[in-house]
2 protein chains.
Amino acid sequence: MAQTDPLNLDSMLCFAVYAAEHAFTRFYKPRLDALELTYPQYLVFLVLWESDGLTVKALGDKLFLDSGTITPLIKRLEGRGLVRRERDKQDERQVRIFLTDEGRALREKALAVPLAVGKALGGDARTAAMLRDSLHRLREQLDAADA
Amino acid sequence: MAQTDPLNLDSMLCFAVYAAEHAFTRFYKPRLDALELTYPQYLVFLVLWESDGLTVKALGDKLFLDSGTITPLIKRLEGRGLVRRERDKQDERQVRIFLTDEGRALREKALAVPLAVGKALGGDARTAAMLRDSLHRLREQLDAADA
DNA sequence: AACAATTCAATTGCGCGCAATAGAAATTTC
DNA sequence: GAAATTTCTATTGCGCGCAATTGAATTGTT
């Protein structure tokens, strides 16, 4: 029974993505509460744990976010002593974000988070990897459409 | 080359979902501007066009949203004359949402939106449907994990 | 019937997420 | 090298999205 209505909610890919995103946020909430981080803050740490000292711009490019989102987010983390902001000496337009010892130490606790995801998905890493790659292609197609 | 770091951003399914969701929002923005709707407002109309007169609760169940999100959203639509709110006579706790003629008329313009998505994805409806189903399963697994 | 527990919508508070704008710094152009 | 353009961060405004709470209406219990 094919879906004939082009405006049927449950047949729409966009809504499936939207609903899955919220489900992830709900799933992460109690796990990230243990780190006192929101999900976007967690993403920032994922980036910084891999490459400390990035500029706001570079961070935004990685996460597909702009300064309007990142600047206040970082300031909240700075207020809690988890990161440090430092203006670049070579190019004074740029602000670089550095982890403090406390921010670096958070990484240990964070290791539990992907483990919980793996468990929830039944340990099928191959299926998850394929889905991830499909989503990457989807994002590229959507971004390319208006370029 | 297997990904060994469990906290690597680009290998994470959650980030792929997160990034795809934002890409969809960006893609929809100019198309929904033509209807003067935000994406969540568009979702509400998708539901109402299919089943008019739902309660706030039923709407929330469909979209995985709560009254804290839906109530103010609906009030904005009501202020623009696109929907009407009416307290249920049988059960006065409930508020039912009805489309106005103007709200119903929006549907014509909305038909262009899924067409644009189809075009952006290269018309491969089968791949899109499989991805959609995978995301539905993902959402169910995540929701089931804490039940 | 009286009381307790549940359900539903609304509200408050806070953190995204993005458009639009501003202002400073760097780069390009002439 | 002066002027125009671009780049980068920060700010403002607005609409989600959700936790927590409130108050009214309904249902369940005894």
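Chain A is the first sequence line, chain B the second, and so forth, proteins listed ahead of strands; every chain is numbered from 1.
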Undergrad: So is Arg31(B) actually on top of Phe27(B)'s ring, under 6.0 Å and inside 45° of the axis?
TA: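 Verdict for Phe27(B): a cation-pi partner in Arg31(B).
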
Undergrad: Looking at every strand, decide which applies to Ser67(B) at a 4.0 Å heavy-atom threshold: base, sugar-phosphate, or nothing.
TA: base

Undergrad: When all nucleic acid strands are considered with a 4.0 Å heavy-atom cut-off, which category describes Glu21(A): base, sugar-phosphate, or nothing?
TA: nothing

Undergrad: Hey, which sits more toward the 5' end of DNA chain C by its nearest nucleotide, Glu92(A) or Gly68(A)?
TA: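 Nearer the 5' end of the strand: Gly68(A).
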
Undergrad: Main chain of Ser11(A), side chain of Arg132(B): is a donor-acceptor contact present, judged purely on distance under 3.5 Å?
TA: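 Here the side-chain-to-backbone pair exists.
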
Undergrad: Please work out if Leu73(B) contacts a base, only the sugar-phosphate, or nothing of the nucleic acid, heavy-atom cut-off 4.0 Å.
TA: sugar-phosphate

Undergrad: Figure out the CG/C1' separation between Leu54(A) and dC8(D), and round it to whole Å.
TA: 15 Å

Undergrad: Thr71(A) or Lys89(B): which one's nearest nucleotide on DNA chain D is closer to the 5' end?
TA: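 Comparing both residues, the 5'-ward one is Thr71(A).
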
Undergrad: Can you measure Asp66(A) atom CG to dT11(D) atom P for me and round it to whole angstrom units?
TA: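 Going from Asp66(A) (CG) to dT11(D) (P), I get 14 Å.
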
Undergrad: Quickly, which of Asp91(B), Asp88(B), Asp52(B), Thr55(B) forms a side-chain hydrogen bond (donor to acceptor under 3.5 Å, both in side chains) with Arg96(B)? Name it, please.
TA: Asp88(B)

Undergrad: Report which part of the nucleic acid Arg85(B) touches: base, sugar-phosphate, or nothing (heavy-atom distance under 4.0 Å, all strands).
TA: sugar-phosphate

Undergrad: Could a donor-acceptor pair under 3.5 angstrom be found where the side chain of Arg93(A) meets the base of dT9(D)?
TA: no

Undergrad: What contact category does Thr25(B) fall into here, base, sugar-phosphate, or nothing, at under 4.0 angstrom with non-hydrogen atoms?
TA: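 No contact.
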
Undergrad: Relative to each other, are the rings of Phe15(B) and Phe64(A) parallel, tilted or perpendicular (30° and 60° limits)?
TA: parallel

Undergrad: I'd like to know if the side chain of Asp66(A) reaches the main chain of Thr69(A), judged simply by a donor and an acceptor atom lying under 3.5 Å from each other, with no hydrogens or angles considered.
TA: yes

Undergrad: Can you pull the contact range of chain A along DNA chain C, 5' to 3', using atoms under 4.0 angstrom from its heavy atoms?
TA: dG15(C) to dA26(C)

Undergrad: Do Arg26(B) and Tyr28(B) form a cation-pi contact, if we require the NZ or CZ to be under 6.0 Å from the six-membered ring centre and within 45 degrees of the ring's axis?
TA: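 Here Arg26(B) fails the 6.0 Å and 45° test against Tyr28(B).
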
Undergrad: Round to a whole Å and report the spacing from NZ of Lys75(A) to C1' of dT11(D).
TA: 9 Å

Undergrad: Is any NZ, NE, NH1 or NH2 atom of the basic residue among Glu78(B) and Arg76(B) found under 4.0 Å from an Asp or Glu carboxylate oxygen of the other?
TA: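 No, Glu78(B) and Arg76(B) are not salt-bridged.
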
Undergrad: What's the CZ-C1' distance between Arg87(A) and dT9(D), to the nearest Å?
TA: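 Going from Arg87(A) (CZ) to dT9(D) (C1'), I get 6 Å.
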
Undergrad: Dot-bracket for DNA chain D, 5' to 3', with Watson-Crick and G-U pairs under 3.5 Å, [ ] for crossing pairs and | for other-strand pairs: what is it?
TA: ||||||||||||||||||||||||||||||

Undergrad: Please state how far atom CG in Leu65(B) lies from atom P in dA19(D), giving the value in whole angstrom units.
TA: 12 Å

Undergrad: In terms of ring plane angle, is the pair Trp49(B) and Tyr42(B) parallel, tilted or perpendicular, where the classes change at 30° and 60°?
TA: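 Rings of Trp49(B) and Tyr42(B): perpendicular, over 60°.
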
Undergrad: Return a table of donor-acceptor pairs under 3.5 angstrom between the side chains of residues 103-114 of chain B and protein atoms on other chains or two or more places apart.
TA:
from: Arg104(B); atom 1: NH2; to: Asp101(B); atom 2: OD1; distance (Å): 3.0
from: Arg107(B); atom 1: NH2; to: Asp5(A); atom 2: OD1; distance (Å): 3.2

